[in-house]
Each structure stands twice: as C-alpha cells, then as structure tokens.
2 protein chains.
Amino acid sequence: MTKHKDNKTEEQILKAAQKIFQSKGMDGARMQEIADKANINKAMLHYYYRSKQLLFEAVFKKAFSLLAPQLNAILNDDSSLEDKIKNFTHNYISFIIKHPYLPNFIIQELNRNPDFIEKIKNNVAFPNINKFKLQVKNEVKASNIVSISAEQLFINILALNIFPFVASPLIKAFTDIDDKTYKMLLEARKKEVSDFIINAIKK
Amino acid sequence: MTKHKDNKTEEQILKAAQKIFQSKGMDGARMQEIADKANINKAMLHYYYRSKQLLFEAVFKKAFSLLAPQLNAILNDDSSLEDKIKNFTHNYISFIIKHPYLPNFIIQELNRNPDFIEKIKNNVAFPNINKFKLQVKNEVKASNIVSISAEQLFINILALNIFPFVASPLIKAFTDIDDKTYKMLLEARKKEVSDFIINAIKK
DNA sequence: ATTAAGTTTAACCATATGGTTAACAAAATT
DNA sequence: AATTTTGTTAACCATATGGTTAAACTTAAT
C-alpha cells in the first residue's frame with residue numbers, strides 16, 4: 001500500500017481478492033481461499049493489507065472507481081439528452097458485459113453496510129447529479145420532453161441498464177431463457193433500452 | 001416441521017430467522033443471533049429445523065412464495081396490457097414498500113447460488129411467461145404498441161419496479177436524497193412508472 | 001399416579017477462521 | 001563484505017461457529 005515497492009505479490013493478492021470477494025461477498029469470502037487463488041501464503045495477505053476488512057475495502061474502492069465514472073457520461077457530459085441516453089446505454093451495457101459481477105457486488109455490499117458509501121465519497125471521484133438536473137429541467141420547460149424529474153429519469157435509466165445483470169438468475173427462471181439466449185438479449189438491449197427511454201419521455 | 005404440534009416456538013424461530021437472514025444474508029447470519037432474537041436456546045433451532053441450511057431454505061421459500069405470486073398479476077391476469085401495467089406497478093410498489101428487504105434478499109441469494117432456483121421451482125407456485133408472450137405479440141401485431149418482445153418488456157417492467165428498492169443506497173448517494181425524500185419518491189413511482197412504461201410502448 | 005412423548009436447557013465438541021509470531025531468505029544499503 | 005530492511009514461510013493462537021448430547025422439565029395420554 002504505502003511502503004512497498006512495485007511489488008508483484010501485492011497485485012496478485014488484489015486480483016485474487018477481487019475474484020473471491022466479487023463472487024462471494026465479504027461474508028462469504030475466506031482469507032485462505034484468496035491466498036490459494038493468489039498462490040501465496042496466507043500471512044502475506046496480512047503483511048500487505050493488514051486485515052480482511054482493509055483488503056475488502058481496497059477491492060471495493062477499486063470496483064467502485066471503475067463503475068462510478070461511467071455515470072459521468074449521463075450526469076456530466078455536454079451532449080444532448082437524447083445523445084446521452086443513446087451513448088450511455090450502449091456503452092454502459094458493453095462495459096457491464098465485460099464486468100458482470102460489478103453491479104451486484106457493489107449493490108450487495110452497500111446494502112450490507114449503507115454507511116460504507118460515506119467512506120467512499122471521500123476517496124473516489126464521486127458523480128453528482130446537479131448538472132443533469134438542470135438539463136432535464138430545461139428540456140421539460142422547453143416542452144421537448146414530458147414532465148419528469150431528473151431523479152426519476154436517472155433512476156429509470158439506471159434501472160433499465162443495471163437490473164438485468166443484477167437479477168439475471170431470477171429473470172432467466174421466469175422467462176425460461178438459457179444463458180446463451182440471455183446474452184443475446186442483453187446485447188440487444190444496447191439499442192432496445194435507449195429506444196424505450198427516449199420513447200417514454202417523448203411528448 | 002412434521003412431528004410437531006401447532007408450536008409457537010417454531011413460528012418465533014422462523015420470524016427471527018426471517019429478519020436476520022433477510023438483512024444479513026445466509027453467510028452473514030449467525031445461528032446464535034437468530035436464537036437471541038427469538039428468545040430461545042440455540043439448540044431449539046436445530047431441534048425444529050435441523051441445520052442452518054434447512055432453516056435458511058424455509059425462510060427463502062416463504063419469501064419467494066410471497067414475492068412470486070405478485071408477478072402473476074402481470075403474467076397471467078386477463079386484463080388489458082395497459083391496465084395490467086397500471087395495476088401491477090401500483091400494487092407491486094405498495095407491496096414492496098411493506099417488505100423492503102424482500103427483493104434484495106432473493107436476488108442476493110439467487111446470485112450466491114443460482115442452482116437454488118431449481119429447488120424452488122418444484123416447491124412453489126412458479127409464474128410462467130407464456131400467456132404474457134401471446135398478449136404482447138398480439139398487441140404488436142395489431143399495431144397497438146411499438147415492436148417489442150415480451151421478454152424485454154417484462155424485464156423493463158421488473159427493472160423499473162424493483163431496482164429502486166434494491167439499489168437504494170447507491171441511488172440515494174448519487175442523487176443526494178435523504179431517507180424521507182426517497183420514500184416520497186418511491187411513493188410517486190406508483191404512478192410515474194406506469195406512465196413511463198405506457199408512453200414508452202405507445203406508437 | 002405412572003408413563004411416554006415431546007420440549008427445553010446448559011454444557012460440550014470439532015472445526016473453521018482471522019490473525020500473529022518467530023525464524024529464515026532475499027534485496028538493498030552502507 | 002557486513003548490515004539493515006523487506007519479503008516469505010510454517011507453525012501457532014484465540015475465538016467464533018454450527019452442531020450435538022444428555023439430562024431436566026412439561027404436557028398429555030394411559
């Protein structure tokens with residue numbers, strides 16, 4: 001973390017910890033399992049990260065700082081609302097397809113410990129909704145879109161983009177869809193979702 | 001479970017287990033904590049439910065059979081598509097406001113162990129999408145709504161309804177909204193969401 | 001009143017688990 | 001080359017945890 005050189009071991013640990021924590025969560029993860037996956041002695045985990053909690057926080061912060069900046073595309077970009085929605089939806093779904101564990105990991109752990117987000121706010125570039133609020137307000141005032149609050153629209157955009165990844169086992173079961181078909185369905189959502197949203201706010 | 005009479009203890013245990021499991025998950029829950037909350041000796045847990053796993057399954061099945069039938073309102077009701085969306089959205093959000101832990105619990109535990117849903121399918125009334133598929137196909141063919149697959153529409157409906165509960169800590173942080181305001185925002189969604197969906201599929 | 005069955009308790013057990021220690025090896029510094 | 005610092009290991013430790021047991025107690029049937 002601080003005193004160590006460019007160490008390889010430290011990275012190995014973080015990589016292994018990422019995999020284990022992201023698939024099993026803080027409570028389900030075992031230090032021994034992380035050590036095994038990293039091919040190192042368990043004591044090394046403590047040598048580099050002191051405790052399970054700190055190792056977890058390192059993993060969480062990294063995950064969060066990977067996910068959060070993506071939201072700047074919708075919140076702080078200068079493009080038009082319609083372009084934003086199109087681009088964000090396309091890029092975000094592409095991004096999550098490459099990191100399918102991410103949203104669920106973050107949501108799960110934030111629910112386990114909601115106060116944790118305060119710690120994060122001070123350590124990570126944290127997106128802010130203010131600019132987006134202004135933009136939506138203006139579009140509504142100009143009668144370009146239906147009357148909707150920025151918050152509700154933001155929630156809807158996030159919901160439509162993220163939920164299918166978080167709830168995949170549930171959705172697969174209800175729709176009787178296998179893994180392959182589900183992947184195609186997610187792929188199709190890159191366009192489907194933005195069409196859906198844009199239509200929803202059109203007058 | 002089987003040999004026992006109308007026992008009160010058994011119910012106390014299940015109630016306590018519900019609270020603990022639903023807020024901490026299988027991995028985070030402790031048998032001792034459940035016993036404490038139920039005001040009984042820890043051995044009683046095993047006397048009535050044999051193991052942590054079986055107690056957990058009892059809780060999960062009960063939660064699932066509470067949540068799943070709600071979906072029949074959208075999948076197997078006889079009303080028109082528009083009515084369905086209106087009613088479902090309103091009822092479902094009301095329902096989840098009363099059981100805020102439910103969706104997250106089920107999603108989290110299904111992600112932890114996706115095979116688990118197979119066990120459930122045999123034990124619980126399990127909604128099926130077929131009827132809804134026909135209905136959507138007909139509405140599309142009749143040009144009453146835009147071209148959309150039943151699966152994608154179903155996912156969108158679930159996403160917009162459930163996600164705000166599952167991701168509340170995240171959304172609260174990004175939008176800088178406090179608990180009280182968030183509750184009002186959820187309340188407003190009973191109508192907002194159905195308007196949003198209906199507008200989205202209108203031609 | 002006696003017995004049998006079901007219920008409850010305290011004490012106990014084996015193992016898993018996060019974490020520590022002391023000795024040792026390898027670099028880096030002098 | 002000698003010494004200090006950093007990295008690594010195996011063995012160990014204290015505690016937490018799911019689960020068991022045997023005995024005590026309660027209830028209801030005989």
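Below, chain A is the first sequence line, B the second, and so on; all start at residue 1. For the numbers below, each heavy atom of this structure counts, side chains included, while hydrogens, waters and symmetry mates do not.
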Quick one: A:N7 CG to C:dA26 P, roughly how many Å, whole number?
15 Å
Between D:dG7 atom C1' and A:E11 atom CD, what is the distance in whole Å?
16 Å
For A:Q32 and C:dT17, give me the distance from atom CD to atom P, rounded to whole Å.
9 Å
For A:Y101 and A:F21, I'd like to know if the aromatic rings sit close, meaning centre-to-centre distance below 6.0 Å.
no
Short side-chain N/O contact to C:dG18 OP1/OP2 from A:S51, under 4.0 Å:
no
Heavy atoms from C-beta onward define the side chain here; which of C:dT7, C:dT9, D:dT9 lies closest to that of B:N41?
C:dT9
Does this structure show an ion pair linking B:R112 with B:E109, if we count only N-O contacts that are shorter than 4.0 Å?
yes
Rounded to whole Å, NE2 of B:H46 lies from P of C:dC12 at a distance of 19 Å
Given the side-chain rings of A:F64 and A:F126, with only the six-membered ring counted for Trp, is the space between their centroids under 6.0 Å?
yes
Carboxylate-amine/guanidinium contact A:E33 A:K37, below 4.0 Å
no
Check: A:K52 side chain, C:dG19 base, donor-acceptor under 3.5 Å
no
Between C1' of C:dT20 and CE of A:M44, the distance in whole Å
13 Å
Which residue lies more 5' along DNA chain C, comparing A:M31 with B:I40 via nearest heavy atoms:
B:I40
Does B:D27 pair with A:R30 as a salt bridge, N-O distance under 4.0 Å?
no
Ignoring backbone atoms, establish whether A:R50 has a side-chain N or O less than 4.0 Å from OP1 or OP2 of C:dG19.
no
Once you apply a heavy-atom cut-off of 4.0 Å, does A:A35 come out as touching a base, just sugar-phosphate, or nothing?
nothing
Atom CZ of B:R30 and atom P of D:dG19 are separated, to the nearest Å, by 11 Å
Roughly how many Å is it from CG in B:L45 to P in D:dT17, rounded to a whole number?
14 Å
In whole angstroms, how far is the C1' atom of D:dG18 from the CG atom of B:D27?
13 Å
Does B:Y47 place a side-chain N or O at less than 4.0 Å from the phosphate oxygens OP1/OP2 of D:dT20?
no
